[in-house]
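When a ligand or atom number is given, it counts from 1 through the structure's own listing order.
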Amino acid sequence: MTIYEINKDVIKYRFGNPICTHAVMKDGIEKKEKDLPFFQLEQGETIQLRYKMKVDDIVLGLGENQRGMNKRGGIYESFCSDDPLHTSDKKSLYGAHNFLMIEGTEKFGVFIDHPGKIIFDVGFTHKDYLEIRIDDHDVDIYMIKGNNLRKIVKNFLNLTGDGYVPPKWAFGYQQCRWSYKDANEVEKIADLFFKNDIPCDAIYLDIDYMEDFKDFTISEERFPNFKSFVEKMKQKGFRLIPIIDAGVKIEKDYDVYEEGVKNKYFCVDENEKPFVAAVWPGRVHFPDFLNPDVRRWFGLKYKNLIDCGIEGFWNDMNEPAIFYTDQGLKKAIKHAKESENENLDIYTFFSLKDTFVNLSNNIEDYKSFYHRLDGELVSHHKVHNLYGYNMTRAAAEGFREIDPNKRFLLFSRSSYIGMHRYSGIWTGDNHSWWEHILLNIKMMPSLNMCGFLYSGADTGGFNGDANAELIIRWSQFSLFTPLFRNHSAMGTRSQEPFAFDEESKNIIKNTIKLRYALIPYIYSEYMKAVINKDIYFSPLSFEYDDEMSKRVENQLLVGDSIMITPIYEENAKGRNVYLPEDMLLWKVENYNDRNYQVLKKGHMYLDVDFREIPIFIRKNKMLVLGKSANNVESIENDELHVIAFVTDQAKYSYYDDDGKSYDYKEGKYSEIVIEIEKKNEEYHIKIDPRGNKKVEKLHFEIIDREGKVTKRTINL
Ligand code: GLC
């Protein structure tokens with residue numbers, strides 16, 4: 001074991017000779033140190049770490065995973081998986097996010113930088129032990145210190161580099177479906193948004209826009225004159241976002257296939273022939289994204305679509321998902337033939353059935369192909385968790401080369417720590433189940449802790465049919481998620497905001513309008529999180545150190561000023577809420593209406609009609625609010641409203657920038673620093689507009705402990 005000090009809070013423990021994942025952006029200085037702290041270490045062919053948890057310890061992190069925010073009691077497997085059934089017994093989803101934190105008698109974070117399989121047994125096998133089992137002897141382990149949870153996360157994010165920033169329009173509402181099958185249908189959907197006066201910024205193109213599911217092609221039949229169609233839709237205020245899949249169709253004369261074969265850009269089998277698997281188009285090859293030349297080649301392919309006016313993409317099936325391989329299928333068919341005239345009993349029938357069920361995403365297939373890493377063949381299985389990450393990195397690096405100072409929308413299904421520098425993620429194929437709203441709520445802060453700020457779930461659920469109430473309640477949560485996209489699977493009931501009855505449509509419309517009115521706050525908080533290496537969604541325990549705040553998993557802090565308490569149960573007319581301090585409640589039906597209520601700290605049951613969205617403004621904090629519009633670019637925020645709950649003094653920094661370039665990295669952004677102080681029953685407001693030329697007026701509503709509202713308008 002070699003030990004490196006990265007900085008005073010982070011030490012790296014290197015075992016063997018690990019593969020470089022590029023998750024961490026910092027080197028350290030070699031150090032003579034003692035042993036790995038906190039953990040009992042077992043080292044051999046594999047590595048195991050063991051930590052005895054105290055009764056009150058909580059374990060946070062692990063990003064995209066099942067179960068609670070507190071991961072205790074579960075067993076999790078880091079192995080990016082295409083699994084469309086997100087039940088709580090599942091050990092892996094699409095991402096591998098190997099960072100967790102212990103909060104209790106000891107406080108620390110640990111990041112296991114390893115691209116293969118890892119088991120995180122968080123008190124599952126033995127309730128008192130956290131065990132981390134790494135399927136290898138080459139690994140980097142980072143131990144991260146910090147006085148509190150936020151500090152530990154910041155120290156971790158500081159290691160892994162600057163977070164991804166999408167264009168500002170990507171904070172608008174987005175509509176997806178598998179699939180809006182042709183240009184007419186896409187246009188019809190856009191027109192329905194317009195006709196119903198529902199804001200929307202983007203409509204998605206799922207796999208059917210392509211010709212035979214071939215990446216970077218467009219079906220001439222379904223989308224004739226694609227470039228002018230993209231332009232026409234943009235004129236109407238909608239951007240189109242095509243999907244790109246990892247597998248490249250094997251088809252003679254298809255340029256991506258031909259070039260890939262010619263240049264040896266595909267992953268290979270044991271005979272060094274391009275590896276064949278099957279996905280949407282049937283047989284495909286997988287680009288070897290771990291190789292920089294391949295990344296550049298694939299990344300520049302996005303130009304075909306960018307030249308047609310496309311400004312955003314979603315990368316999919318990049319675990320990579322495998323439907324079957326020829327070998328697997330052959331074996332299964334042989335098994336079926338042998339079973340043809342048999343009397344199949346409990347064992348033989350299920351064994352036959354499993355042969356077919358296990359055709360997809362089979363571990364043996366992942367073990368049977370290879371990447372070329374620095375001239376050497378490396379088994380895919382060993383580096384599995386880096387695949388989607390590097391596909392997405394390819395795209396992001398391509399965009400940087402194609403149009404260096406332009407921000408593109410990009411998010412991926414599969415991911416690894418460090419991919420947050422290149423894109424966001426969405427949480428894959430969930431269901432139209434109420435418990436998946438709750439899972440969504442719990443997952444967001446865990447993803448943030450691992451760096452993934454631009455994220456969201458398929459609002460309304462992907463698989464299964466949604467009813468109106470589910471869409472309403474889910475949208476009332478998603479309106480706070482940076483990626484706010486409604487998406488559903490082929491064959492399911494339509495779930496666009498106008499797919500239900502008139503009353504439901506109007507409620508969803510008001511919810512989406514609230515989202516647009518909140519964009520000044522959401523964008524400001526998002527950008528400050530990126531710039532300050534901080535998070536956007538936090539558990540209450542990040543700000544409040546009372547015991548109860550550690551236990552609450554169904555309420556979140558969003559940015560610095562607000563707390564949300566979403567409804568995630570069918571037919572619920574309210575819910576239990578915990579206030580760690582006195583807060584101001586704004587129950588929103590329509591964002592232009594104001595009704596405030598000061599609520600005392602403690603537990604309560606809150607009535608929440610299905611038209612209402614409760615927003616809690618924390619003590620001595622403020623919320624900035626703008627106006628809604630058809631889409632983000634047409635919002636006129638020359639006047640902003642500031643809703644402040646002030647008992648003595650509050651400070652807020654409102655951030656804004658051009659929303660489309662990387663100039664913010666050079667400090668080209670504006671801030672309005674607002675300070676409100678209450679002295680002798682008078683409010684003193686100080687405003688420092690640093691470089692903001694857009695906002696001309698601020699309308700204040702300052703609410704005091706008694707609920708008295710003081711209004712003031714200030715010209716800038
Ligand atoms: C995968 C994606 C889903 C998409 C579908 C078809 O299941 O997760 O979002 O709609 O493929 O492309």
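Of the charged side-chain nitrogens involved, none lies within less than 4.0 Å of a carboxylate oxygen, so that R177 and E185 do not count as a salt-bridged pair. By the 4.0 Å N-to-carboxylate-O rule, E311 lies close enough to K406 to be salt-bridged with it. Remark: K303 does not engage E401 in a salt bridge, criterion side-chain N to carboxylate O under 4.0 Å.
Nearest to atom 10 (O) of ligand 1 among the protein's heavy atoms is D206 OD2, 2.5 Å. Of the protein's non-hydrogen atoms, the one nearest atom 2 (C) of ligand 1 is D316 OD2, 2.9 Å. With hydrogens left out, the protein atom closest to atom 7 (O) of ligand 1 is D429 OD2, 2.7 Å, a heavy atom.
Inclusion of D458 in the set of residues having an N or O under 3.5 Å from an N or O of ligand 1 is not warranted. For the pair W178 and ligand 1, the shortest N or O to N or O distance does not fall below 3.5 Å.
Between F477 and Y568, the distance from one ring center to the other does not fall under 6.0 angstrom.
Around atom NZ of K234, more than 12 heavy atoms belonging to other residues, nucleotides or ligands sit under 6.0 Å away.
At a heavy-atom cutoff of 4.0 Å, ligand 1 is contacted by no atom of M490, backbone or side chain. The proximity of F213 to ligand 1, defined as any non-hydrogen pair under 4.0 Å, does not occur for either the backbone or the side chain. Proximity of I243 to ligand 1, defined as any heavy-atom pair under 4.0 Å, is confined to the side chain (atoms from C-beta onward). Neither the backbone nor the side chain of Y94 has any atom closer than 4.0 Å to an atom of ligand 1 (non-hydrogen atoms only).
Not one N or O on the side chain of Q66 forms a donor-acceptor pair closer than 3.5 Å with the backbone of D89.
Seen from the ring of Y254, K214 counts as a face-on cation partner, given the 6.0 Å and 45° thresholds.
Within the listing of ligand 1, atoms 3 (C), 4 (C), 9 (O), 10 (O) sit less than 4.0 angstrom from a heavy atom of H487.
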